[in-house]
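In what follows, a single structure is set out as structure tokens and then discussed.
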Amino acid sequence: MKISNNLLRKSHFLGTKIRNLRKNNHLTMEDLSSRCIKINPEQAPSVSYLSMIERGKRVPSEGMLEVIAEVFQKDIGWFMDDSSADAEITPVKNNRGGIAGMALEPSFLFSNDILQIALPEMLAQTGTSGRQFAQLLIRAYQEYHRNHFPDLERAAEEVGQKRMPMDEHDLIAVCGRLGLEVHWFDAVPEEMADELGVMSQTVVRSYFEPPNKICLNNRLKSQPDRLKYDLAVHLGHCTLHDKDGVKSYLVTGRSQSITLNQGETGVAHSSEVNALDILQAWRDFECSFFAGALLCPKVPFRQLLDRMAYSIDVHKIIGVTPAVAMRRMTAVSPYPHWHYFDAYAPGTLRAVYRGNGIPLPWGNMRLVEDACQHWAVFRMVNVDSNQDCAQISVMAASGGPRIYACQSRKVSDLAENDHVLCAGIDLTPALDTQMQDGHGLAEQLREACVAGGGSAIIPQTISRELLRVAKILNIGWVESGLASEARVICSRGAVCPREPQCYS
């Protein structure tokens with residue numbers, strides 16, 4: 001296509017600007033090319049041509065530049081040298097983010113020997129079980145690594161060959177190739193108390209019996225999405241742990257510390273730190289991550305999310321549960337600031353991931369008395385509705401208020417217990433990437449919500465910036481959340497910003 005002389009004259013920093021915009025928004029060249037194809041396949045650059053543009057070896061046509069500008073929600077004039085401020089052509093350094101740490105001084109008190117003595121005593125005094133502590137350690141490790149575990153991804157891709165979707169027959173065929181036998185058993189839900197003493201329905205879904213048996217509950221036959229997940233988890237156990245002699249169970253219900261032996265069921269309440277507890281908790285995490293990577297391989301699933309604007313309904317297309325799809329979003333998205341909750345009433349978090357360091361209204365160990373009920377995930381626990389909820393929230397956190405967007409869905413598990421899944425992102429870093437004052441906008445939104453008694457229609461100036469970010473991130477439910485009032489939330493009632501406060 002013909003390139004105007006004006007574009008050619010003013011293109012010295014164009015490639016640099018496009019490259020740094022792409023990197024600051026955590027997009028690969030493949031991601032950017034795909035986004036451009038979605039807007040205009042005729043004008044979109046290929047990956048190789050995009051590489052040449054970024055290296056200054058090619059100048060895009062005006063039509064191609066318009067497509068790139070639409071992806072990043074920029075005016076086409078921004079790419080010209082007239083807008084060559086240093087901030088616009090200098091890449092933003094990556095910030096690990098996540099949960100803030102603390103300096104451990106004096107360091108000799110935090111030696112391995114001292115910690116091995118002190119931790120069991122601390123857990124015994126607080127009533128925290130070894131398995132709960134292990135889950136906390138794993139969550140911190142997961143958040144520190146941004147939910148990226150390349151070794152587990154590669155192991156899953158070798159088994160599944162990056163095929164998507166895979167049905168239950170495909171997975172059973174994989175089991176056969178690995179020398180595994182599939183058996184079926186009958187089990188019905190039973191009432192059982194969790195760590196807090198709350199009763200709920202619990203049922204054994206499946207288990208691996210050494211050396212080569214995968215035993216599946218007949219109830220799974222009517223729910224192929226859950227059947228596929230259980231098969232994938234046991235394939236992970238066999239692949240990663242070489243079919244060792246540990247009997248691995250998958251259990252549905254609120255409790256996170258059920259110990260099952262052949263022919264008996266029970267709940268473990270021990271506060272002792274057992275090395276086997278930590279090993280088994282880690283293996284549970286590995287196998288769960290492996291299952292997600294097997295059923296939703298990174299590259300094809302990321303491409304599907306891009307086409308579907310991160311709709312939770314992608315789970316229907318590939319036949320997985322909403323939980324698997326939502327958890328995989330946090331692992332494959334180029335945007336790193338995600339969180340994910342799986343909440344049971346009245347206050348059990350079965351799964352937590354906080355790549356953005358979002359504070360918790362309660363943890364997976366204790367239910368606090370003044371937990372904020374305005375969080376979407378906890379508000380929906382007590383609502384008799386299965387409709388999705390998109391919510392924009394503003395929360396005072398360390399370093400000032402932050403704006404969050406989330407999508408929540410109420411579902412039932414295999415034992416027919418209701419629980420709520422919630423996937424969300426921290427929008428403040430995305431605003432900062434677009435050269436906006438994210439914390440300043442968050443403070444304005446917080447003030448508007450407080451003045452409105454806790455919620456408010458999002459001011460047009462803020463809504464416009466959030467809409468730009470939603471289009472750049474290509475996450476459709478952020479835009480859906482803008483149609484409703486924003487809510488102010490807090491981590492504890494003692495710091496409730498509402499007037500009057502929810503808890504006096």
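Start at 1 with the first residue, then count along the sequence. Side-chain atoms are counted along with the backbone in the values below, which use heavy atoms only and exclude waters and symmetry mates.
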NZ/NE/NH1/NH2 to OD/OE distance under 4.0 Å, Arg205 and Asp413: no
Taking everything shown except Ile457 itself, do over 12 heavy atoms lie less than 6.0 Å from its CD1? no
Would you sort out whether Glu443 and Arg446 count as a salt bridge (charged side-chain N to carboxylate O under 4.0 Å, His left out), showing the intermediate values? CA-CA 5 Å; Glu443 179 59 33; Arg446 188 195 70 82; 3.0 Å; yes
Is a donor on one side and an acceptor on the other found under 3.5 Å between the side chain of Arg328 and the backbone of Cys296? yes
Hey, are the side chains of Met308 and Ile317 touching, using non-hydrogen atoms and a 4.5 Å cut-off? yes
Would you find a donor on one side and an acceptor on the other, under 3.5 Å apart, between the side chain of Gln201 and the backbone of Asn417? no
Donor-acceptor check, side chain of Trp477 to backbone of Tyr310, threshold 3.5 angstrom: yes or no? yes
Measure across Phe290 and Ala232 and return the closest heavy-atom pair with its distance rounded to 0.1 Å. CD2-O, 3.6 Å
With a 4.5 Å limit on heavy-atom distance, are the side chains of Ile358 and Trp375 in contact? yes
Side-chain heavy atoms of Met395 within contact of Ser491, under 4.5 Å: yes
Any donor-acceptor pair under 3.5 Å linking the side chain of Lys17 with the backbone of Trp78? yes
Could you give all pairs that pass the salt bridge (charged side-chain N to carboxylate O under 4.0 Å, His left out) test and reach residues 415-441, with sequence neighbours left out? Arg402-Asp426
Scanning both residues in full, the closest heavy-atom pair of Ile458 with Ala486 reads CG1-CB, 3.7 Å
Of all the heavy-atom pairs spanning Ala323 and Tyr340, show the shortest one and how long it is. CB-OH, 3.7 Å
Side-chain heavy atoms of Tyr353 within contact of Gln142, under 4.5 Å: yes
dist Ser34:OG -> Asp306:CG (nearest 0.5 Å) comes out at 4.5 Å
Examine distances only and state if a side-chain atom of Lys410 and a backbone atom of Val383 form a donor-acceptor pair shorter than 3.5 Å. yes
Flag, side chain of Asp31 to backbone of Thr28, donor-acceptor distance under 3.5 Å: yes
So, the side chain of Lys471 versus the backbone of Gln73: is there a donor-acceptor pair under 3.5 Å, distance only? no
Gln391 side chain vs His374 backbone, donor-acceptor pair below 3.5 Å: yes
Looking at CG of Leu227 and OG of Ser206, how far apart are the two atoms once the value is rounded to the nearest 0.5 Å? 9.0 Å
Under a 4.5 Å cut-off applied to non-hydrogen side-chain atoms, are Leu21 and Ile68 in contact? no
Let me confirm one number: the CG-OG distance from Leu445 to Ser393, rounded to the nearest 0.5 Å. 9.0 Å
For side chain to side chain donor-acceptor pair (under 3.5 Å), just list the numbers for Tyr404 and Thr428, CA-CA rounded to whole Å, side-chain angles, deciding distance to a tenth of an Å, and then say yes or no. CA-CA 8 Å; Tyr404 299 106; Thr428 311; over 6 Å; no
Minimal heavy-atom distance between Ile53 and Pro60, with the atoms involved, is CD1-CB, 3.8 Å
Any pair counted as salt bridge (charged side-chain N to carboxylate O under 4.0 Å, His left out), so long as it reaches residues 455-466, sequence neighbours left out: Glu465-Arg468
Determine whether Ile392 and Leu482 satisfy the following criterion, side-chain contact (heavy atoms from CB on, under 4.5 Å), listing intermediate values before the conclusion. CA-CA 7 Å; Ile392 303 294; Leu482 295 175; 4.2 Å; yes
Please lay out, stage by stage, how Arg139 and Leu136 fare under the test side-chain contact (heavy atoms from CB on, under 4.5 Å). CA-CA 5 Å; Arg139 190 177 77 200; Leu136 180 60; 3.3 Å; yes
Minimal non-hydrogen separation, Asn147 against Phe289, with atom names: O-CE1, 3.6 Å
Could you please spell out the steps behind the side-chain contact (heavy atoms from CB on, under 4.5 Å) verdict for Ile318 and Leu304? CA-CA 10 Å; Ile318 55 177; Leu304 176 61; 3.9 Å; yes
Taking only residues two or more places apart in sequence, or in another chain, which ones meet Asp342 in a side chain to side chain donor-acceptor pair (under 3.5 Å)? His419
Euclidean distance, Gln387 CD relative to Ser408 OG, rounded to 0.5 Å: 13.5 Å
Could you tell me if the side chain of Glu479 sits less than 4.5 Å from the side chain of Leu467, heavy atoms only? yes
Quick one: does any side-chain atom of Ser333 pair with a main-chain N or O of Thr330 as donor and acceptor, under 3.5 Å? no
Any Asn25 side-chain heavy atom under 4.5 Å of Ile472 side chain: yes
Side chains of Glu66 and Asn40, heavy atoms from C-beta outward: is any pair under 4.5 Å? no
All heavy atoms of Ala44 vs all of Ile37, minimum pair found to be CB-N, 3.5 Å
Output yes when Asp151 and Arg154 qualify as a salt bridge under the 4.0 Å nitrogen-oxygen rule, no when they do not. yes
Rounded to the nearest 0.5 Å, how far does CD1 of Ile39 lie from CD of Glu70? 4.0 Å
Going through the distances and angles, do Ile18 and Leu32 end up as a side-chain contact (heavy atoms from CB on, under 4.5 Å)? CA-CA 10 Å; Ile18 291 175; Leu32 179 52; 4.2 Å; yes
Which distance, rounded to the nearest 0.5 Å, do you find between the OH of Tyr335 and the CG of Asn474? 14.0 Å
Under 3.5 Å donor-acceptor, Thr433 side chain and Pro429 backbone: yes
Taking it one step at a time, do Phe285 and Phe149 satisfy ring-ring contact (aromatic ring centres under 6.0 Å, His included)? CA-CA 11 Å; Phe285 165 74; Phe149 299 95; 5.3 Å; yes
